[in-house]
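Heads up: the structure comes next, in structure tokens.
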Amino acid sequence: MTTELVSRPLCNRSDVEVTRAGIGLWAVSGSEWGPVDDENSLAAIETALDMGVTFFDTADVYGGGHSEELLGRAMRGRRDRFIVGTKIGWVGFDGDKGQSQYTTVEKLIEGVESNLRRLNTDYVDLIQCHIYFVEPNNDVFVEGFEKLKQQGKVRAFGTSSSGLPVLEAFNHNGNADTMQIDYSILNRDAENEVFPYCREHGIGTIIRGPIAMGLLAGKFDASTTFPEDDFRRNWISGTEGQPDQFRKDLETVEKLLEIAGDMPLAEMALRFVLSSPDVTTVIPGAKNADQARRNIEAMAKGPLDQAILDAIAEVVPFGGGRRIWPADK
């Protein structure tokens, strides 16, 4: 078993341990990523587990809770083999007011109880605030998570967000355990502020988007289209410069393909993320067993050689490559 599949502490002060190679379960929910078959989704989870992965990340909003329900089915009778991270906060979020429906600690705790019911478990290893900017009820999440931790229903807590200000607000009392953030060759922004802050405060980092939602698999081109219900449709039809960004990303991908050579680009992308000492665990998504297997096999090879990292930095420099994503969940 490689070091990427050996458990390590989620953060400096937690007894929760995760494999550096994990799996994200947004796509298995069948929402916003095109059609997905439940049996294929369960096979992806099973494959990851069989290959030594312990960390599985989901959320209440993925498929209206269906992702959590599927993970609950997979865990039945063997809960101890899974380290579960889930999220709360996006459902009922009012973007106009910048505020979630969880206006009191009591409501927040009731919401987490719903997570637990869908997961068919009496505790989660990690609960995360799923809001991408500072909102009026930030303290509600922190206080609620702390109470749930005292009750044994939560082992660790953190936030899933997009930048340092949200993390700083969430960690104002110094008790946050984790930060989940987008990080890839195309988006190295976390290297500027978030990683140094997490390093200084002993906060674990959970990396989503390591393959940039498929861009770093090298399978898209200028003629690519996405179904109406696909989250990535915004890349080619959205606002805020996304179509221009998509074209720029395709140009960058062409340069990265030259660096990868015989190595699959997705493998290089995953190993790039694992090359950072500031990364705790990486959670690429997988819709089926084959995708899960390929991702885990790639991550099991470990960090890239320095020469390849240097070549990548010539294309996307340290701290660079800020992407314009569709609404970030």
Side-chain angles (χ1 to χ4, degrees), residues 1 5-8 10 14-33 35-91 109-128 130 145 148-149 151-158 160 177-178 180 206 208 281-297 299 329:
M1 184 179 291
L5 296 178
V6 172
S7 294
R8 66 198 63 204
L10 183 62
S14 176
D15 61 354
V16 178
E17 294 193 345
V18 296
T19 44
R20 204 161 185 225
I23 186 170
L25 300 178
W26 182 5
V28 308
S29 67
S31 67
E32 300 181 300
W33 291 85
V36 183
D37 177 80
D38 281 357
E39 294 308 312
N40 283 334
S41 298
L42 290 168
I45 296 171
E46 193 69 28
T47 296
L49 192 68
D50 287 346
M51 294 181 73
V53 168
T54 63
F55 184 60
F56 297 80
D57 181 84
T58 182
D60 59 351
V61 73
Y62 297 166
H66 188 54
S67 175
E68 289 182 319
E69 291 168 349
L70 281 174
L71 183 55
R73 283 175 57 185
M75 292 193 297
R76 193 171 298 147
R78 49 182 184 176
R79 174 66 181 86
D80 60 320
R81 294 185 60 188
F82 292 77
I83 301 298
V84 177
T86 192
K87 312 179 197 75
I88 187 170
W90 194 281
V91 176
I109 291 175
E110 288 175 7
V112 175
E113 295 282 3
S114 296
N115 291 85
L116 296 177
R117 284 193 293 272
R118 285 187 294 272
L119 287 162
N120 193 31
T121 184
D122 56 4
Y123 74 96
V124 289
D125 302 282
L126 174 68
I127 189 71
Q128 301 157 91
H130 202 186
F145 289 169
L148 286 161
K149 195 171 182 178
Q151 295 170 5
K153 296 177 180 178
V154 165
R155 297 178 66 196
F157 66 83
S160 176
D177 295 306
T178 62
Q180 183 174 145
I206 300 166
R208 63 177 185 267
T281 186
V282 186
I283 52 168
K287 289 183 177 182
N288 54 53
D290 185 57
Q291 288 181 0
R293 183 178 300 105
R294 282 187 279 114
N295 287 344
I296 296 163
E297 286 176 347
M299 290 189 286
K329 295 184 188 179

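Positions are given from 1, in the same order as the sequence printed here.
Rounded to the nearest 0.5 Å, atoms CZ (F157) and CD1 (I127) are 11.0 Å apart. One distance of note links CD1 of I296 with CE of M299; it measures 6.0 Å at 0.5 Å rounding. One distance of note links CD of E69 with CG of N120; it measures 10.5 Å at 0.5 Å rounding. With rounding to the nearest 0.5 Å, the separation of CZ in F55 from CZ in R20 is 14.0 Å. Rounded to the nearest 0.5 angstrom, R73 CZ and R76 CZ are separated by 7.0 Å. Rounded to the nearest 0.5 Å, atoms CG (L70) and OH (Y62) are 14.0 Å apart.
Counting only distance, with no hydrogens or angles, the side chain of R293 and the backbone of T47 share no donor-acceptor pair below 3.5 Å. Under the 3.5 Å distance criterion, the side-chain polar atoms of T281 are left unmatched by any main-chain donor or acceptor of I206. Using modelled atom types, one side-chain atom of N295 and one backbone atom of G285 make a donor-acceptor pair closer than 3.5 Å. Judged by distance alone, the side chain of R79 and the main-chain N or O of Y123 form a donor-acceptor pair under 3.5 Å. Counting only distance, with no hydrogens or angles, the side chain of S67 and the backbone of L25 share a donor-acceptor pair below 3.5 Å. The backbone N or O of V84 lies less than 3.5 Å from a partner atom in the side chain of D125, making a donor-acceptor pair. One N or O on the side chain of K87 and one on the backbone of T58 form a donor-acceptor pair closer than 3.5 Å.
A pairwise comparison of heavy atoms in I45 and A74 identifies CG2-CB, 3.7 Å as the closest pair. Among all heavy-atom pairs drawn from P284 and G22, the shortest one is CD-O, 3.6 Å. When all heavy atoms of T19 and L5 are compared, the closest pair comes out as CG2-O, 3.4 Å. Pairing each heavy atom of K287 with each of A44, the nearest pair is C-CB, 4.3 Å. The nearest pair of heavy atoms linking L10 to A156 is CD2-CB, 4.1 Å. Minimum heavy-atom separation, T54 to E17: OG1-O, 4.3 Å.
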*Using the side-chain contact (heavy atoms from CB on, under 4.5 Å) rule, take F145 and I88 through it: C-alpha gap first, then chi angles, then the decisive distance, then the call.*
CA-CA 11 Å; F145 289 169; I88 187 170; 3.9 Å; yes

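The only option from R155, R8, K149 that meets the salt bridge (charged side-chain N to carboxylate O under 4.0 Å, His left out) definition with D15 turns out to be R155.
Taking the side chain as every heavy atom from C-beta outward, L116 and K153 approach each other to under 4.5 Å. Using a 4.5 Å heavy-atom threshold, the side chains of F82 and T121 count as separate.
Donor-acceptor pairing under 3.5 Å is lacking for the side chains of T86 and R118.
We find that R81 and E46 are not joined by a salt bridge, their nearest charged nitrogen and carboxylate oxygen being 4.0 Å or further apart.
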